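Take a look at the structure below.
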Amino acid sequence: MNHKFECNSCNPYDTYGLTNIDELGIGTKCEDFFVGAPPQAQSVQPGQETLMTPLPIFDNPNYIGSGRLQDKVAIITGGDSGIGRSVAVYYAKEGANIMIVYFDEHEDASNTKQYIEQLGGTCELMSGDLKDPKFCQYVVEHTLCTFGKIDILVNNAGVQYQQLKLEDISNEQFDYTMKTNVYSMFYLTKYALPHMREGSIINTASITTYIGEPELIDYTATKGAIVGFTRALATNLATKKIRVNAVAPGVFWTPLQPSSWTANKIPTLGSDSNMKRMAHPWEIASTYVYLASDDASYTTGQVIHVNGGQYKG
């Protein structure tokens, strides 16, 4: 069912789904769009899935695995919740052994592990700070000790913070966002590569890099760096049987949303897409399956966009 969401004092840099925005940023008319969640906010990044209303849908029960990743070993950062959780579940359905790396969302991680094990899959958890290169090195060593190899690396962990202007972004925030989103990916990939004889590296980029999200300037910059890293590394590894690709999600209902946006932004999420709604994590997980599988044996250096038509790349 479609709804209208009225707003009388919107930021002039963001339409919030409104049309006819005047010079003061006041919306005089709202388009119809699907409201997927009520106003809500969380005070800590990257957020907890157990606190969200409604809970994200991370699995499609009609998705039946066919052994496309049988006996593969996958490291998934940020795999405790959101898109990472859905990817972990779908990889398990396809027969992969999963190492989930997360920050401190222990309840979410435990729920994900339990769900995967109920499916008959194998999942291990590691909690720590990926900004620390020593922890990234330990992740690789522990994965090798546990599973004996690394076939797939999904660099998915990240944070974002809403700020209206560049001047509002503190040096500390910029440093934290850059290190969480970019440095961690660099460290983990660097330490994993010597142990990957062949396989797939998949990085989570974002639609923000392509549309230039005005209230996520530092986050958008990190995702642009991820796109560049993906393309350069793909070229570097092209003859070594290691493929490197990225997925650029649009607006998905994950803990990152209520923990980064103001509460009144939540009902409008996804309203700018052609489909007039945000998506749930299960709607993107199979893209990560494709890129990790032999079906993508001739696919490298690519960015796959899943955004409901908001950006067409």
Side-chain angles (χ1 to χ4, degrees), residues 10-19 21 31 33 36 46 77-78 82-84 86-87 154-166 169 173-174 177-178 180-186 189 200-235 243-254 256-257 260-261 265-266 268-281 283-288 290-291 296 299-313:
C10 292
N11 171 24
Y13 298 106
D14 193 327
T15 66
Y16 285 77
L18 299 170
T19 58
I21 309 298
E31 294 182 352
F33 58 88
T77 68
I83 290 174
S86 191
V87 172
V154 179
N155 291 304
N156 173 69
V159 295
Q160 66 179 31
Y161 298 92
Q162 179 185 16
Q163 301 289 358
L164 299 183
K165 299 179 297 181
L166 179 67
I169 301 174
Q173 177 186 312
F174 179 81
T177 303
M178 187 65 66
T180 302
N181 297 2
V182 180
Y183 282 38
S184 63
M185 176 191 65
F186 171 81
T189 304
S200 177
I201 298 171
I202 306 168
N203 304 317
T204 298
S206 172
I207 190 177
T208 59
T209 289
Y210 297 88
I211 64 174
E213 171 53 54
E215 296 181 23
L216 299 173
I217 295 174
D218 52 343
Y219 174 81
T220 299
T222 66
K223 293 301 180 176
I226 289 172
V227 171
F229 179 81
T230 298
R231 291 171 172 168
L233 189 62
T235 302
R243 296 172 288 105
V244 187
N245 294 285
V247 181
V251 180
F252 281 76
W253 184 230
T254 73
L256 201 61
Q257 307 300 351
S260 59
W261 296 108
K265 171 72 173 177
I266 299 302
T268 72
L269 291 176
S271 61
D272 292 337
S273 74
N274 292 166
M275 293 185 178
K276 300 298 180 185
R277 67 173 179 88
M278 64 181 176
H280 280 269
E283 296 180 271
I284 198 171
S286 61
T287 304
Y288 288 80
Y290 162 70
L291 290 175
T299 302
T300 196
Q302 304 304 310
V303 180
I304 297 182
H305 297 271
V306 185
N307 56 53
Q310 185 175 357
Y311 171 82
K312 301 171 180 65

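FYI, side chains are in, hydrogens and waters are out, and symmetry mates aren't considered; it's all heavy atoms of this structure. What you are looking at is a predicted structure, and each value in this text was computed from that prediction instead of being measured.
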Side chains of Y219 and S260: is there a donor and an acceptor less than 3.5 Å apart? no
Would you name the heavy atoms of N156 and T77 that are closest together and state the gap between them? N-OG1, 2.7 Å
Does any donor atom in the side chain of T189 or N155 lie under 3.5 Å from an acceptor atom in the other side chain? yes
Answer yes or no: is there a donor N or O on one side and an acceptor on the other, between the side chain of T180 and the main chain of T177, under 3.5 Å? no
Taking atom types as modelled, find out whether N203 and T230 have a side-chain donor-acceptor pair closer than 3.5 angstrom. yes
When the ring planes of Y210 and Y311 are compared, do they come out parallel, tilted or perpendicular, using 30° and 60° as the limits? tilted
Who are the side chain to side chain contact (heavy atoms under 4.5 Å, CB included) partners of F174, not counting sequence neighbours? I169, M178, D218
Side chain to side chain contact (heavy atoms under 4.5 Å, CB included) filter on Q310, not counting sequence neighbours, yields I207, I211, V251, D272, S273, N307
Could you go through the side chain to side chain contact (heavy atoms under 4.5 Å, CB included) check for V306 and F252 one step at a time? CA-CA 10 Å; V306 185; F252 281 76; 3.9 Å; yes
Going through the checks in order, is the side-chain hydrogen bond (donor to acceptor under 3.5 Å, both in side chains) test met by N245 and S200? CA-CA 8 Å; N245 294 285; S200 177; 5.2 Å; no
If every non-hydrogen atom of T220 is compared with every non-hydrogen atom of G212, which pair is closest and at what distance? CG2-CA, 4.5 Å
Hey, what do you get for CD1 (I83) to OH (Y288), rounding to the nearest 0.5 Å? 5.0 Å
For the side chain of T235 and the backbone of R231, is there at least one donor-acceptor N/O pair under 3.5 Å apart? yes
Trace of the side-chain hydrogen bond (donor to acceptor under 3.5 Å, both in side chains) decision for Q160 with E213: CA-CA 11 Å; Q160 66 179 31; E213 171 53 54; over 6 Å; no
Can you confirm whether Y290 is buried at OH, in the sense that more than 12 heavy atoms of other residues, nucleotides or ligands lie under 6.0 Å from that atom? yes
Taking the six-membered ring for Trp, are F229 and F186 parallel (under 30°), tilted (30 to 60°) or perpendicular (over 60°)? perpendicular
When you measure from the side chain of E283 to the backbone N and O of H280, does any donor-acceptor pair fall under 3.5 Å? yes
